[in-house]
2 protein chains.
Amino acid sequence: MRRPLTERHEVLPALAEVFREHGFEGASLTRIGQATGLGKGSLYHFFPGGKTEMAAAVLAEIDAWFEAHVFAPLCGVQDPERAVGAMLESIGRYFHSGRRVCLVGLFALGDARGTFARPVRTYFRRWVDALASALVRGGLAPASAADLAEDAVMTIQGAIVLTRALEDPRVFERAGSRVRERLRLKRR
Amino acid sequence: MRRPLTERHEVLPALAEVFREHGFEGASLTRIGQATGLGKGSLYHFFPGGKTEMAAAVLAEIDAWFEAHVFAPLCGVQDPERAVGAMLESIGRYFHSGRRVCLVGLFALGDARGTFARPVRTYFRRWVDALASALVRGGLAPASAADLAEDAVMTIQGAIVLTRALEDPRVFERAGSRVRERLRLKRR
DNA sequence: GGCGGTCTGTACCGTTCGGTACAGACTCTG
DNA sequence: CAGAGTCTGTACCGAACGGTACAGACCGCC
């Protein structure tokens, strides 16, 4: 019936959700097994390195998704102003208006600090740089573009924290319009 | 030598650091015991409710500290502009320029979501409201004061995430100046 | 010095943890 | 259908988990 059967990357979304909901330490193999519908045997077949390898794989897929849907478009040839708007829209959908946690940000806060420091750093640096490059192509000076990009990324991260804390998605929406306004304002 | 011996609140700082470093689920009683120098027996003597009560006590102390050193001054009689500046300075010292995690924000991201939703919500709401009140006393319209206050708090939270991710305290410092500038800019 | 209560280290409870071993059910090839 | 190889559920391991029980160390007090 099914092909060579499940492939490794097919379980990644479910895996990611477990890590998002419970963090690295809180994501037990039992929970992971339930969420993916896989027994430990299958899990260790796909991820011989255990939980660490699972989390690394999830991070890698997240990074790939952002590279394709967020970072690359920012660096692409299309109108930079439109690219920035598209980013904010993608981000809003991806994070479910702040109800969904940013796993990379969560790991940055300490859940599995040392282990994933590198991919975490790379992800955020790439995000800031990509956004800054779009702003530069939009006519901004490199210095203020970098400053503005850094501000935008951290505002989004803070918006996720505050939205979940206050349990009110409008917080995230307001943050989005604020960022949009700031990025547009500085253009001229 | 020592008085009735250790009091409950004397172990709270060490306790808080363990939760900050490992999150709620990652903070095992063994680690807590090592960090506080107390055996399980003593811990359960002070916190009959176990780990949950420990975390609640830590949150309560954090809240009290912010109430005394951040929120109350913002609502006080002193010059609002000076109060805002003092807040940013306190915050910077408290969070070690972003190297230290905000435990309340960490809990908001999911580590112990349901259990501490109430104190988490209260803490952030109080923070935003206190800052907004200072801005209103500074001459701002209530609506834009609320907007600006929300933006400042989320920027600080995002700055902590980004500072730790990039492992560069200057990120936090830059965020501080940006917030300061924004809060001053709108005054006139 | 004895007393009563507060405090604390140790041993232990049942459970769950991350990880391993392995038998057998599957799919494909011939 | 036979065989090789891939996949997967179950049972199991030692360690560590959160939490409890309790004997005794320690204290101010008389």
Side-chain angles (χ1 to χ4, degrees), chain A residues 1-60 103 106-107 110-116, chain B residues 1-60 103 106-107 110-116:
Chain A
M1 181 73 63
R2 292 194 281 166
R3 293 163 304 100
L5 226 18
T6 337
E7 306 232 353
R8 184 181 141 125
H9 72 265
E10 292 182 28
V11 305
L12 286 181
L15 213 41
E17 275 312 307
V18 180
F19 283 122
R20 263 188 272 264
E21 280 173 38
H22 302 98
F24 183 76
E25 305 233 35
S28 70
L29 287 200
T30 306
R31 280 202 256 242
I32 292 174
Q34 286 170 347
T36 57
L38 260 49
K40 288 195 196 182
S42 318
L43 286 171
Y44 269 85
H45 172 72
F46 290 124
F47 308 96
K51 216 164 67 155
T52 306
E53 187 175 339
M54 298 181 206
V58 166
L59 280 184
L103 187 59
L106 181 57
F107 280 6
D111 217 326
R113 195 79 191 305
T115 319
F116 304 110
Chain B
M1 180 77 60
R2 292 193 283 166
R3 295 164 304 100
L5 227 15
T6 337
E7 306 233 349
R8 183 179 141 127
H9 72 265
E10 293 182 28
V11 305
L12 286 182
L15 214 40
E17 276 310 308
V18 180
F19 284 121
R20 263 188 272 264
E21 279 174 37
H22 302 99
F24 182 76
E25 305 232 35
S28 71
L29 287 200
T30 306
R31 278 202 256 243
I32 292 175
Q34 286 170 346
T36 57
L38 261 49
K40 289 195 197 180
S42 318
L43 286 171
Y44 269 85
H45 172 73
F46 290 124
F47 308 96
K51 214 166 68 155
T52 306
E53 187 175 340
M54 299 181 205
V58 166
L59 280 184
L103 187 58
L106 181 57
F107 280 6
D111 217 324
R113 194 80 192 305
T115 320
F116 303 110

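First the proteins, then the strands, lettered A, B, ... as listed; each starts at 1. Heavy-atom basis, side chains included; hydrogens, waters and symmetry copies ignored.
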### Flag, side chain of B:T36 to backbone of B:I32, donor-acceptor distance under 3.5 Å
yes
### Query
Do side-chain atoms of B:K51 reach the backbone of B:F24 as a donor and acceptor pair under 3.5 angstrom?
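Such a contact is found between B:K51 side chain and B:F24 backbone.
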### Message
Taking the nucleotide of DNA chain C with the nearest heavy atom to each, does A:R31 or A:P48 sit closer to the 5' end?
### Response
A:R31
### Task
Quick one: closest heavy-atom pair of A:V58 and A:A16, and the distance?
CG1-CB, 3.6 Å
### Query
Shortest non-hydrogen contact from A:E53 to A:F46?
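Looks like OE2-O, 4.1 Å.
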### Message
Need one value for B:G41: base, sugar-phosphate or nothing, where a base atom within 4.0 Å counts as base even if backbone is also close, heavy atoms only.
### Response
base
Let me know the distance between [atom1] of [X] and [atom2] of [N], rounded to the nearest Å.
| X | N | atom1 | atom2 | value |
| --- | --- | --- | --- | --- |
| A:F47 | C:dG19 | CZ | P | 13 Å |
| A:Q34 | C:dG18 | CD | P | 12 Å |
| A:Y44 | C:dC22 | OH | P | 17 Å |
| B:E53 | D:dG19 | CD | P | 11 Å |
| B:L29 | C:dC12 | CG | P | 19 Å |

Is any side-chain nitrogen or oxygen of [X] closer than 4.0 Å to OP1 or OP2 of [N]?
| X | N | value |
| --- | --- | --- |
| B:S28 | D:dA16 | no |
| A:T30 | C:dT16 | no |
| A:H45 | D:dC7 | yes |

#### Entry: Under-4.0 Å salt bridge between A:R31 and B:E25
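Yes, A:R31 and B:E25 are salt-bridged.
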### Task
Can you sort out which residues in residues 14-25 of chain A have a heavy atom within less than 4.0 Å of DNA chain C? Ascending by number, please.
none
### Task
Hey, could you give me the CG/CE distance between B:L12 and B:M54, rounded to the nearest 0.5 Å?
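With rounding to 0.5 Å, CG (B:L12) is 10.5 Å from CE (B:M54).
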### Message
What's the separation between atom NZ in B:K40 and atom OG1 in B:T30, rounded to the nearest 0.5 Å?
### Response
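Rounded to the nearest 0.5 Å, the NZ-OG1 separation comes out at 5.5 Å.
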### Message
Should the side chain of A:K40 and the base of D:dG9 be counted as holding a donor-acceptor pair, with the cut-off at 3.5 Å?
### Response
no
### Task
Test for a donor-acceptor pair under 3.5 Å between the base of D:dG18 and the side chain of B:K51, counting only N and O atoms.
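No, the side chain and the base share no sub-3.5 Å donor-acceptor pair.
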### Worked verdict on B:R20 versus B:L106 for side chain to side chain contact (heavy atoms under 4.5 Å, CB included)
CA-CA 8 Å; B:R20 263 188 272 264; B:L106 181 57; 5.8 Å; no
### Pairing string, 5' to 3', for DNA chain C - Watson-Crick or wobble contacts under 3.5 Å, brackets [ ] where pairs cross, | to another strand
|||.|||||||||||||||||||||||.||
### Message
I'd like to check B:F116 versus B:T52 (side-chain heavy atoms, cut-off strictly below 4.5 Å). Are they in contact?
### Response
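B:F116 reaches B:T52 side chain to side chain.
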